[in-house]
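As structure tokens, the structure follows; a few thoughts come after it.
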Amino acid sequence: MLHATWRGKGKAMRIPEESNPDQRLYRIRHSLAHVMAQAVLEMREGSTLGFGPPIEDGFYYDFILTEPLTETDFPELERRMKRILKKGQRFYHEELPIEDAYARLDEMREPYKREYAEELIEKNGLEALSFYRNGPFLDMCEGPHVETTRDIARDAFKLRSVAGAYWRGDSNNVMMTRIYAWAFADKPALDEAVEAHELAQERDHKKLGRELDLFTFDDAIGRGLPLWMPHGTVIRDELEKLAIELEFKAGYQRVATPHIAKGSLYRQTGHLEHYKEAMYPPMEVVEETPDGSSIRETYMLKPMNCPHHHKIYAARLRSYRELPLRLAEYGQVYRWEASGAVSGLARVRMLSMNDAHIYCTEAQIKDVFREVISEYDEAYRILGLEDYTIRLSRWDPDDPKGREKYVDAPDDWARTEAIIAEVLDDMDVDYEEGPGEAAFYGPKLDVMFRTITGKVEQLSTVQLDFAVPGRIGLKYIGDDGAEHVPYCVHRAPLSTHERFVALLIEHFGGAFPTWLAPVQVRVITVSEHFHDYAQGLVDRMRANFVRAELASESDTVSKKIRDATTRKIPNLLIVGEREATDGTVTLRRYGVKQQATMPFSEFESALAETIRRRSLAFVADPPSR
RNA sequence: GCCGGAAUAGCUCAGUCGGUAGAGCAACUGAUUCGUAAUCAGUAGGUCGGCGGUUCAAGUCCGCCUUCCGGCACCA
């Protein structure tokens with residue numbers, strides 16, 4: 001059962017069609033990239049080329065343009081591309097020996113292609129480089145391509161957006177202009193993708209967050225600092241309740257810690273060294289002492305909870321008998337995220353983390369990881385989340401910035417990475433490799449989710465920290481009577497409230513299951529005559545902590561149903577003459593046309609059961625009568 | 001941070017050639033008391049994101065800033 005979910009349906013292992021060069025779609029997209037580049041060079045003569053690969057739903061090409069292109073130029077660019085397709089240009093392949101290839105690239109005045117060619121030759125010891133020509137357009141490229149541009153449907157691609165992108169993905173390099181396009185084998189496939197994209201926009205958490213009054217931002221508070229509105233706070237609170245229950249069962253102990261700490265703490269842990277740029281700047285405080293001197297101190301907003309938890313661990317002597325020791329907190333942390341990274345709830349400057357730190361011995365690491373993985377599995381099962389992949393995030397000793405990014409301890413890296421890989425193999429979990437994705441203090445296991453708009457985001461994480469406990473002087477007395485340094489496992493199954501709620505809003509399209517829904521039941525009267533009956537139902541439900549409310553009464557029934565539906569309220573109770581007389585309610589569930597009339601007590605107990613079980617359905621199916 | 005685009009009522013948006021702002025929904029008031037996705041009428045709501053410039057005159061043109069959106073880089 002655990003495996004079935006965690007194997008992620010084999011997604012990580014299958015090579016998708018779009019990234020398999022042998023597939024027709026890959027050839028079409030790759031060839032279209034060349035066609036677009038040809039058209040761009042027609043419109044902006046003298047522009048130079050970057051890369052132009054096929055991607056998941058189409059392709060892009062990077063350029064240094066002589067004159068900017070914007071989306072207003074798309075119609076003309078598309079026209080020119082279609083004209084090229086119609087010409088039936090044949091793709092000719094050519095292998096040029098190194099010197100000829102260099103001469104060709106210089107003649108083409110393509111300095112970036114030349115730079116890449118030199119790197120290819122040096123790294124891979126190539127003796128020749130591959131070029132493709134179609135019509136007047138020549139590109140250094142591995143292929144493969146279609147036979148002629150006539151093999152590409154003229155109505156199955158669509159220019160999508162223009163964006164900036166650094167050459168070779170390095171922010172020290174020049175910024176190029178990237179043009180993205182959708183491309184498919186035929187028009188129906190394109191239409192489907194474009195339509196799916198438009199539907200996805202409707203589920204965007206930023207849009208639904210505003211429409212459903214879940215959260216807001218205000219310039220007077222600051223960028224990336226979410227204000228959770230009452231309805232959004234309900235969702236946070238429900239998730240927090242879930243986390244508390246799961247953690248209680250798993251033997252975690254809850255703690256609470258301040259939002260700030262002295263700057264010196266972060267110097268000691270190494271966070272300042274690695275993440276200074278992403279921390280809010282220090283607060284200087286000065287205290288006058290009676291003798292006229294002053295005490296100066298620096299405080300910082302905490303960018304993570306671990307040092308605080310470490311200090312709880314360090315508050316007294318620890319024995320190996322206490323390990324694993326599990327400390328949990330929904331801690332709020334502050335990070336100075338780059339201005340361009342801030343986006344809705346997905347990337348914020350104040351994060352509420354479902355954080356916990358598990359202190360353990362080396363021998364316990366595997367069991368701790370197994371335990372944490374099964375906690376993740378349980379949380380995802382409850383929420384119905386299935387579309388994710390697992391990434392084993394390792395350090396990258398070859399990274400030129402490696403020394404700045406990671407603790408320099410090759411043996412520790414090798415040992416800890418092997419432990420995690422073994423756990424995954426033992427549990428038969430499929431995972432991707434993530435070289436260079438580790439934390440500075442150790443390898444981690446990240447759970448990657450695809451958002452409704454197609455972005456892949458790291459959501460949950462389990463991290464094995466072999467470095468900071470030692471730096472900060474944590475220890476325990478082992479069964480040998482000697483002092484040892486514990487390992488620390490950092491974990492956050494529910495991620496942060498911010499990113500997790502963003503995911504759930506999009507996952508449920510704003511129509512939350514009853515247990516999570518800000519308003520669980522709305523009672524609608526047929527006319528004001530039934531106000532007292534309806535109010536009685538609301539009062540009774542609220543007395544049982546059900547989030548029930550009465551609809552505004554001056555509207556028509558139709559209007560009230562429309563309003564409640566727009567607000568995506570999961571359960572509507574319609575009451576009129578019949579119901580008031582019989583002590584019944586007519587239940588109308590969100591998205592379900594069929595209704596059922598039942599005694600209120602029956603509805604009430606079905607509702608309570610649905611909420612208690614955290615069912616993904618809105619309420620249990622109405623009893624058949 | 002970088003490249004590009006955008007910002008008009010709470011929301012979605014219109015605003016022509018530069019001549020001092022408009023709709024629908026929401027809100028509020030009143031009437032209506034209604035049986036399954038918008039009852040009717042009325043009222044109010046704006047320093048057109050901010051600052052500066054050009055002009056007799058700026059929502060409109062120009063500059064800077066802020067914020068948002070699409071990407072890139074970053075992401076403990």
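Computed from heavy atoms alone, side chains included, the values below leave out hydrogens, waters and symmetry copies.
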**Worked verdict on Tyr112(A) versus Trp167(A) for ring pair (Phe, Tyr, Trp, His ring centres under 6.0 Å)** = CA-CA 8 Å; Tyr112(A) 299 100; Trp167(A) 167 240; 5.3 Å; yes
**Request:** Applying side chain to side chain donor-acceptor pair (under 3.5 Å), run through Thr597(A) and Thr586(A) and close with a yes or a no.
**Result:** CA-CA 4 Å; Thr597(A) 301; Thr586(A) 294; 2.8 Å; yes
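Base pairing analysis places A44(B) opposite nothing; no Watson-Crick or G-U wobble pair with both distances below 3.5 Å involves it. Base pairing annotation: U16(B) forms no Watson-Crick or G-U wobble pair, as no partner gives both donor-acceptor distances under 3.5 Å. Shown here, G1(B) forms a base pair with C72(B); the pair counts as Watson-Crick or G-U wobble because both key distances fall under 3.5 Å. Look at C34(B): it lacks any Watson-Crick or wobble partner with both distances under 3.5 angstrom. A 3.5 Å limit on both hydrogen-bonding distances identifies no Watson-Crick or G-U partner for A58(B). In this entry C25(B) has G10(B) as its Watson-Crick or G-U wobble partner, both defining distances falling under 3.5 Å. Base-pair partner of C64(B): G50(B) (Watson-Crick or G-U wobble, both distances under 3.5 Å).
Using the six-membered ring where Trp is involved, His357(A) and Tyr359(A) have ring planes that are tilted, between 30° and 60° apart.
G15(B) and G49(B): their P atoms are spaced 15 Å apart (whole Å). Comparing the same atom, C1', in U43(B) and in C3(B) gives a spacing of 48 Å after rounding to whole Å. Between C75(B) and U16(B), the two P atoms lie 46 Å apart (nearest whole Å). Only the C1' atoms considered, A14(B) is 26 Å distant from C40(B), to the nearest whole Å. Spacing of P atoms, U20(B) relative to C28(B), comes out at 33 Å, to the nearest Å. Rounded to whole Å, the C1' atom of G59(B) lies 15 Å from the corresponding atom of C17(B). Only the P atoms considered, U29(B) is 16 Å distant from G45(B), to the nearest whole Å. The P atoms of C48(B) and A21(B) are separated by 10 Å, rounded to the nearest whole Å.
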**Message:** Return a single string for nucleotides 70-76 of chain B, one symbol per nucleotide in 5' to 3' order, where B is base contact, S is sugar-phosphate-only contact and - is none, cutoff 4.0 angstrom on heavy atoms.
**Reply:** BBBBBBB
**Request:** Using a 4.0 Å heavy-atom cut-off, write out nucleotides 32-40 of chain B from 5' to 3' as B (base contacted by protein), S (sugar-phosphate only) or - (no contact).
**Result:** BBBBBBBB-
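Of the inter-residue distances, the one linking Glu337(A) atom CD with Glu277(A) atom CD reads 12.5 Å to the nearest 0.5 angstrom. Atom-to-atom distance recorded for Phe512(A):CZ and Tyr590(A):OH is 11.5 Å, nearest 0.5 angstrom. To the nearest 0.5 angstrom, Glu549(A) atom CD is 11.0 Å from Gln535(A) atom CD. Atom CZ of Phe440(A) sits about 6.0 Å away from atom OH of Tyr275(A), to the nearest 0.5 Å.
Only one option out of Arg450(A), Arg29(A), Lys455(A) pairs with Glu56(A) in a salt bridge (Lys or Arg N to Asp or Glu O under 4.0 Å); it is Arg450(A).
More than 12 heavy atoms of other residues, nucleotides or ligands shown are found within 6.0 angstrom of CD on Glu553(A).
Looking at Asp62(A) and Arg178(A), a side-chain N of the basic residue comes within less than 4.0 Å of a carboxylate O on the acidic one, giving a salt bridge. Salt-bridge annotation for Asp563(A) and Arg522(A): absent, with no side-chain N of the basic residue lying under 4.0 Å from a carboxylate O of the acidic one.
No hydrogens or angles considered: nothing links the side chains of Ser558(A) and Thr556(A) as a donor-acceptor pair under 3.5 Å.
Pairing each heavy atom of Val407(A) with each of Trp395(A), the nearest pair is O-CZ3, 4.2 Å.
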N/O-N/O pairs, protein side and nucleotides 7-16 of chain B side, under 3.5 Å:
residue	atom	partner	partner atom	Å
U12(B)	OP1	Arg210(A)	NH2	3.0

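As judged by a 4.0 angstrom heavy-atom cut-off over every strand, Gly50(A) is placed among residues making no nucleic acid contact.
As a whole-Å value, the separation of Asp218(A) CG from U66(B) P is 17 Å. Put simply, CG on Asp213(A) is 11 Å from C1' on A26(B), counting in whole angstrom units. When the C1' atom of A6(B) is taken as reference, atom CD of Glu71(A) falls 11 Å away, rounded to whole Å.
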